[in-house]
Amino acid sequence: MYLACLFKVEIMNDKKMLNYIKDVLQNMPNDWLKLTTHRLDIYNEKLAKTEFLEQFKNLYKDNSSETSALNQLPTAYDYIRLGHPLSCVFEWAVANLNDLKSDQVISFSSKTTPILSVLRKNLLDNKSTQINYTGQLPELFDTDVLKSVYGYNFQLNQINSAKEITEFDGSTIYISEQEAISEVDLNSNIDFYINLHSNYGSVLLVNGTQNESYISEIQHVRRRETIAMTPINCLAALNDLVNNTKSYNNTNSVQEDKAKVLQSITQITGTPTKPLVGSSGLSIQYAIMMGLIDDALQNHKGKDIKFIVPPNCYGGTNDQARRVAACIANVEVVDLPVDGDNDMVNSIDTVLNTLASQDAIPYIIAEIPTNPRVEVPDLVQLKAVLSKVRKTPSGASAIDPVFILDQTFCPNVLFLGEDKILSTVRTISYASGSKFPSGGQCTAGYCVGNSKTKGLMDKIEKHLTLCDNEATNLQYQILAKQLPSMNQRIKDAYKNTREFVNFIQKTLPEAKINFVSEDLANQDFTPSVFSLDLPTKGNTAQEKEDYKRALNLKLINLMITKIPDQSKYCVSYGQLKGCYWTIPATSTQGTTKEGDKDYIVRASLSPNLDLELHKQVFSEFVESI
């Protein structure tokens with residue numbers, strides 16, 4: 001009798017929750033579906049993974065689902081590829097239905113990366129993994145490559161149902177594919193349940209308290225190597241859940257959209273190879289790294305692989321490179337100082353000479369212009385240094401470098417096409433699609449290679465496919481619409497930025513501004529981002545640093561308070577409208593070593609904003625100091 005009553009209560013609670021979610025879906029803010037960053041003006045970094053859901057659960061208890069209440073919820077995670085409002089709601093609902101804590105449910109846009117996330121931790125922990133599956137493994141799952149390139153160790157076990165799973169000395173994964181993505185068949189012998197959906201992606205459930213240490217590691221894979229299930233697919237999955245339907249938000253024009261996107265990228269970059277489009281900039285970067293490692297293992301057996309990375313570059317790049325190196329024995333990250341007193345060309349020359357003496361394989365990842373100092377190296381000298389023939393101790397020619405160019409700040413600059421400055425050096429260029437390519441409307445990123453990298457691009461495509469990280473249908477649709485206008489938006493945004501920079505120089509001449517020169521702008525280096533080193537005062541170095549950091553926040557807070565509909569506290573760049581402010585040390589350089597962080601103001605302007613109002617507020621700031 002007691003169990004029957006308990007079962008009845010559970011059914012009533014599930015019904016109450018599903019009815020509440022139905023109301024939420026009807027009333028949710030439009031930004032939940034459309035923004036790549038949600039409410040970064042309500043953002044506490046230390047609580048970014050928990051604060052949204054805690055306040056959402058309070059609304060649930062109060063049965064409050066009004067749009068105004070939902071709109072006041074703080075940021076869910078810190079960026080859409082890691083998680084967002086709809087993924088949090090979906091994971092919370094699945095967790096409730098299966099009597100789990102919400103952080104034990106983690107959704108992915110990819111169908112293979114959740115498997116890889118467990119394999120990665122077990123590789124580092126030297127722990128065995130058994131993968132049980134019904135039907136067929138995901139078509140993209142390449143056992144040989146995962147073992148030979150990624151170094152993952154696992155057993156495969158095809159079964160008819162979850163009941164056949166027995167105890168295993170290690171981690172047990174169970175993979176199931178079904179249209180009802182929230183349906184789960186858990187038992188105590190399953191450590192990780194992965195439910196695949198042909199269109200939405202996948203959901204991973206972490207089962208048992210003994211596996212809780214995996215949660216943050218799995219989330220970090222989602223943050224760095226792939227993306228969360230997208231908002232549009234989370235919405236579809238939630239609608240299926242509350243309405244008991246099996247719908248799919250189909251984009252019928254995907255082949256046409258994809259063809260348009262590839263054609264636009266080819267025209268914009270002037271490159272001869274087939275462009276590759278991933279679910280995010282870091283998805284593309286991960287495919288580049290793993291593709292190059294695959295090529296090196298095949299063509300340069302036994303040699304050490306060195307990824308040469310600026311220590312103060314974008315934190316995701318820095319972190320991901322070190323994560324890859326941590327998993328593969330002969331891969332190492334080498335620092336490349338590029339900003340301030342360090343010259344990129346001289347630094348590359350020094351590092352390449354050292355690696356030639358070690359007969360190592362050099363892969364260089366660098367941003368042009370650099371972030372956040374917005375510096376451009378002498379490109380003629382850069383080409384010469386990259387083209388230089390170096391010798392190993394045995395007298396043989398050293399392996400020539402591959403230059404991996406992040407040109408997110410200036411995706412309009414032609415580096416790789418025929419007769420262009422880097423056409424004769426093995427170069428791969430990539431860009432984050434959440435910036436200018438999509439105007440801030442999706443996270444997809446792309447990469448292209450010059451004629452010397454065709455074989456490498458094939459390897460990169462192989463790993464992009466293996467990780468199931470190609471752009472989604474909706475991402476292709478958004479890029480197909482936005483890419484054709486990208487270069488004009490870049491010109492218009494640069495014009496606003498140049499005018500604002502000139503105004504700041506005149507109004508606050510003591511400040512140091514990092515921005516491109518007029519000469520560089522005439523060479524098509526027209527970023528719409530600049531960094532600002534505000535004047536400071538104090539008797540000691542620490543007092544001066546503390547004063548400057550407080551002044552940084554004062555400026556940003558004034559801007560977003562006085563112009564809330566346009567100025568935002570956000571790391572992003574290339575949006576269709578508004579102005580974005582951040583401090584790299586606490587945002588884009590989040591995982592960078594403390595000594596390499598930049599505690600300065602970074603601002604990015606769009607083609608569409610009230611520039612005169614921004615000048616007026618900046619003048620108020622100057623008067624206040």
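Source: prediction; values computed, not measured.
- Side-chain contact annotation: Lys459 with Gln298, donor-acceptor N/O pair under 3.5 Å present.
- Here the CG-CD distance, from Leu196 to Gln136, works out to 12.5 Å after rounding to the nearest 0.5 Å.
- Of the options Leu297, Val402, Val331, Ile305, a side-chain contact (heavy atoms from CB on, under 4.5 Å) to Leu292 is made by Val402 and by none of the others.
- A 4.5 Å side-chain heavy-atom check between Leu33 and Ile232 finds at least one atom pair inside the cut-off.
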#### Entry: Ser107/Glu91 under side chain to side chain donor-acceptor pair (under 3.5 Å): CA gap, chis, key distance, verdict
CA-CA 7 Å; Ser107 66; Glu91 290 161 3; 2.8 Å; yes

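- A ring-centre distance under 6.0 Å is not found for Phe192 and Phe154.
- A donor and an acceptor atom, one from each side chain of His220 and Asp319, are located under 3.5 Å apart.
- Taking the side chain to side chain contact (heavy atoms under 4.5 Å, CB included) definition, one finds that Leu123 meets it with Tyr152, Cys327, sequence neighbours left out.
- In summary, the side chains of Thr269 and Tyr446 do not present any donor paired with an acceptor at a separation below 3.5 Å, with no hydrogens or angles considered.
- Atom CZ in Phe403 sits 7.0 Å away from atom OG1 in Thr427 (nearest 0.5 Å).
- With sequence neighbours excluded, the residues forming a side chain to side chain contact (heavy atoms under 4.5 Å, CB included) with Ser451 are Pro272, listed by chain and number.
- Side-chain contact between Cys467 and Tyr150 is present, with at least one heavy-atom pair separated by less than 4.5 Å.
- Legend: residues meeting side-chain hydrogen bond (donor to acceptor under 3.5 Å, both in side chains) with Glu375, ordered by chain and number and at least two apart, are absent.
- Between Leu416 and Asn450, the shortest heavy-atom distance links the atoms O-CB, 3.5 Å.
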#### Entry: Pair Leu386-Leu422, side chain to side chain contact (heavy atoms under 4.5 Å, CB included): steps then yes or no
CA-CA 9 Å; Leu386 293 172; Leu422 294 180; 4.2 Å; yes

### Task
Please report the C-alpha distance between Val105 and Val203 in whole Å, then the side-chain angles of each, then the deciding distance to 0.1 Å, and finally whether the side chain to side chain contact (heavy atoms under 4.5 Å, CB included) criterion is met.
CA-CA 7 Å; Val105 180; Val203 177; 3.5 Å; yes

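- Residues Phe52 and Thr75 share a closest heavy-atom pair of CB-O, 3.8 Å.
- With rounding to the nearest 0.5 Å, the separation of SG in Cys442 from CD1 in Ile227 is 9.0 Å.
- Counting all heavy atoms, side chain and backbone alike, Tyr363 lies closest to Ala296 at OH-CB, 3.4 Å.
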### Query
Between Asp240 and Tyr200, does a side chain to side chain donor-acceptor pair (under 3.5 Å) hold up when you go through it step by step?
CA-CA 11 Å; Asp240 290 353; Tyr200 301 157; 2.7 Å; yes

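- Considering CG of Asp458 and CG of Asp294, their distance stands at 11.5 Å, rounded to 0.5 Å.
- Aromatic pair Phe436/Tyr573: ring centres closer than 6.0 Å.
- Of all heavy-atom pairs between Cys88 and Ala76, the closest is SG-CB, 3.7 Å.
- Between Tyr174 and Tyr193, the ring planes lie perpendicular to each other; the angle is over 60°, past the 30° to 60° tilted range.
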### Message
Asn469 vs Thr226, test: side chain to side chain donor-acceptor pair (under 3.5 Å). Steps then yes/no.
### Response
CA-CA 6 Å; Asn469 272 340; Thr226 187; 2.7 Å; yes

### Query
Could you walk me through whether Thr271 and Thr273 pass the side chain to side chain donor-acceptor pair (under 3.5 Å) check?
CA-CA 6 Å; Thr271 47; Thr273 58; 4.9 Å; no

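- Checking Asn157 against Gln155 by side-chain atom types alone, no donor-acceptor pair falls below 3.5 Å.
- Residues Ser253 and Gln477 form a side-chain contact, since some pair of their non-hydrogen atoms from C-beta on lies under 4.5 Å apart.
- Side-chain atoms of Asn412 and Asn487 include no donor-acceptor pair closer than 3.5 Å.
- No hydrogens or angles considered: nothing links the side chains of Tyr286 and Gln320 as a donor-acceptor pair under 3.5 Å.
- Salt bridge Glu461/Lys274: present, at least one basic N to carboxylate O contact under 4.0 Å.
- In this structure, the side chain to side chain contact (heavy atoms under 4.5 Å, CB included) partners of Gln407, at least two apart in sequence or on a different chain, are Leu405, Val413, Phe415, Ser429.
- Neither side chain, Gln482 nor Ser438, offers a donor N or O lying under 3.5 Å from an acceptor on the other.
- With hydrogens and angles left out, the side-chain atoms of Ser279 and Gln475 include no donor and acceptor closer than 3.5 Å.
- In this structure, the separation between CZ on Arg224 and OG on Ser280 is 10.5 Å, given to the nearest 0.5 Å.
- Every residue two or more places apart in sequence or in another chain was checked for a salt bridge (Lys or Arg N to Asp or Glu O under 4.0 Å) with Lys420, and none qualifies.
- The existence of a salt bridge linking Asp335 and Arg322 is confirmed by a sub-4.0 Å separation between a basic side-chain nitrogen and an acidic carboxylate oxygen.
- With rounding to the nearest 0.5 Å, the separation of CG in Leu276 from CG in Leu464 is 6.0 Å.
- For Asp142, the side chain to side chain contact (heavy atoms under 4.5 Å, CB included) partners are Asp144, Val145, Leu466, not counting sequence neighbours.
- Contact detail for Leu379 and Ile368: the closest heavy-atom pair is CD2-CD1, 4.4 Å.
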